[in-house]
Amino acid sequence: GGHRRHHSRLRLPPRLPLEAEAIFPADLSKPNACRELVGSVEESQGPLTAIVNNAAINIPAALDTLHESQFRQAFAVNFEAPIYLVQAALPSLIENSGGIVNISSVLVSELRKANTLYACSKAALEKATEIMSLELTELGVRANSIRIGRVPGYALMREKLAGLSPDAAKKLAHELLPKRLEVMRQLLGDHAIGSPADVARTVSFLLSEDSRFINGQTIVLDGGYRHNESLSDQCRDTTAKLVSDWLQANGSSTQSLLCK
């Protein structure tokens with residue numbers, strides 16, 4: 001049997017910045033790019049003490065139109081990349097008693113048409129988180145996941161903005177987000193609308209010594225949305241109409257934007 005290794009405690013700043021101090025772009029659909037990314041970050045910033053796997057891609061596709069390339073792309077980014085990133089960073093994580101936080105979605109538990117790829121890849125990530133915690137706990141590394149819902153932002157518009165010109169996409173995102181927030185506020189209430197800061201605080205907690213006894217868990221961070229699922233369709237339809245009206249007014253073809 002193995003033996004438990006002892007490491008210094010993971011030290012984090014009391015408040016995590018919401019803006020990155022350095023940006024390292026990479027195509028996470030490619031395994032070698034994941035490994036090279038970790039190398040570049042550590043060469044520039046020093047050994048990694050934590051990994052937050054947040055990057056994801058959502059490809060809506062009904063079962064009868066689902067294509068092999070879509071399947072591979074979704075699982076490569078949402079499921080495989082986090083594993084490759086953790087593999088590459090593992091020596092540093094072990095040395096620093098580091099932590100892993102994998103970002104999931106409430107869509108894992110919410111039934112929605114054309115959601116096979118995103119929901120299943122995120123469900124796989126949650127299971128991988130449990131296995132990571134089982135394998136790494138004796139090495140002093142913890143792994144948890146956060147199932148996020150109702151945190152509106154530009155990322156939720158990415159797929160729908162892809163067909164627009166850069167200027168039109170930027171304008172739509174800038175003008176729509178406040179309206180989208182207001183729709184959600186009216187339908188769900190302020191208590192059920194999160195912000196990136198809410199996510200950052202939860203991530204910070206899971207990577208701190210305060211959560212040392214939390215391991216292999218999936219934390220639901222949705223403001224209690226799962227108790228108000230009956231409002232989901234109404235929120236989606238109202239937001240879709242906002243986007244449709246905006247696109248028509250600005251001379252673009254009608255598209256829909258779904259609430260997550």
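Numbers here are sequence positions counted from 1. Values reported hereafter were calculated over all heavy atoms of this structure, with side chains retained and with hydrogens, waters and symmetry mates removed.
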task: Report yes if some heavy atom in the side chain of L125 is under 4.5 Å from a heavy atom in the side chain of N78; otherwise report no.
output: no
- prompt: Linking I/L/V/M/F/W/Y whenever their side-chain heavy atoms sit closer than 4.5 Å, directly or via other members, would V77 and I100 fall into one cluster?
  reply: yes
message: Are P178 and E182 packed together at the side-chain level, in the sense that at least one heavy-atom pair is separated by less than 4.5 angstrom?
response: no
- request: Mark yes or no for whether S104, through its side chain, and R147, through its backbone, hold a donor-acceptor pair below 3.5 Å.
  value: no
message: Please find the pair of heavy atoms, one from A89 and one from I51, that lie closest to each other, and give the distance.
response: CB-CD1, 3.4 Å
task: Could you tell me whether R72 and E68 make a salt bridge, using a distance below 4.0 angstrom between a side-chain N and a carboxylate O?
output: yes
- prompt: Quick one: does N215's side chain have a donor or acceptor within less than 3.5 Å of a partner on A143's backbone?
  reply: yes
- request: Rounded to the nearest 0.5 Å, what's the gap from OG on S105 to CG on N115? Could you check?
  value: 7.5 Å
message: On a heavy-atom basis, which atom in L207 and which in A50 lie closest, and how many Å separate them?
response: CD1-CB, 3.7 Å
query: Where the side chain of N144 meets the backbone of T218, is there a donor-acceptor pair that is under 3.5 Å apart?
result: no
field: Taking every non-hydrogen atom, the tightest pair across A114 and A62
entry: CB-N, 3.8 Å
Separation between OG1 of T137 and CZ of R142, rounded to the nearest 0.5 Å: 9.0 Å
task: Name the orientation class of the two ring planes belonging to F75 and F79 (parallel below 30°, tilted from 30 to 60°, perpendicular beyond 60°).
output: perpendicular
task: Flag the pair I103 / V52 as yes when at least one side-chain heavy-atom distance between them is below 4.5 Å, and no otherwise.
output: yes
- prompt: Less than 4.5 Å apart, any side-chain heavy atom of V141 and any of E135?
  reply: no
Under 3.5 Å: donor-acceptor pair, side chain of S204, backbone of R201: no
message: Is it the case that atom CZ in F205 sees more than 12 heavy atoms from other parts of the structure closer than 6.0 Å?
response: yes
V151 reachable from V220 in the ILVMFWY side-chain graph, under 4.5 Å edges: no
- prompt: Are the side chains of P47 and E95 in touch, meaning some heavy atoms are under 4.5 Å apart?
  reply: no
task: Compare all side-chain heavy atoms of V86 with those of N53 and state whether any distance is below 4.5 angstrom.
output: yes
Linked, directly or transitively: L136 and I83 (ILVMFWY side chains, under 4.5 Å): yes
field: Separation of E36 CD from D27 CG (nearest 0.5 Å)
entry: 11.0 Å
message: Would you say V38 ends up clustered with F24 if hydrophobic residues are merged whenever their side chains have heavy atoms under 4.5 Å apart, either directly or through other cluster members?
response: yes
message: I want to check something: taking the side chain as every heavy atom from C-beta on, are I59 and Y118 in contact at a cut-off of under 4.5 Å?
response: no
message: Applying a strict under-4.5 Å side-chain criterion to I, L, V, M, F, W and Y, I'd like to know whether I131 and Y84 cluster together.
response: no
task: Check whether any side-chain heavy atom of I57 sits under 4.5 Å from a side-chain heavy atom of L28, and report yes or no.
output: no
Shortest non-hydrogen separation from Q70 to A61 and the atoms involved: OE1-CB, 3.8 Å
- prompt: Do side-chain atoms of E42 reach the backbone of L48 as a donor and acceptor pair under 3.5 angstrom?
  reply: yes
task: For S121 and L117, indicate whether the former's side chain and the latter's backbone hold a donor-acceptor pair under 3.5 Å.
output: yes
- prompt: Going from CG on L206 to CD1 on I219, what distance comes out if it is rounded to the nearest 0.5 angstrom?
  reply: 5.5 Å
task: Write down the atom of E126, the atom of S145, and the distance for their closest heavy-atom approach.
output: CG-OG, 4.0 Å
- prompt: For the residue pair K122 and A56, what are the closest heavy atoms and their distance?
  reply: NZ-CB, 3.6 Å
query: To the nearest 0.5 Å, how far apart are CD in Q87 and CE in M132?
result: 8.5 Å
From L139 atom CG to I94 atom CD1, the distance as rounded to the nearest 0.5 Å: 4.5 Å
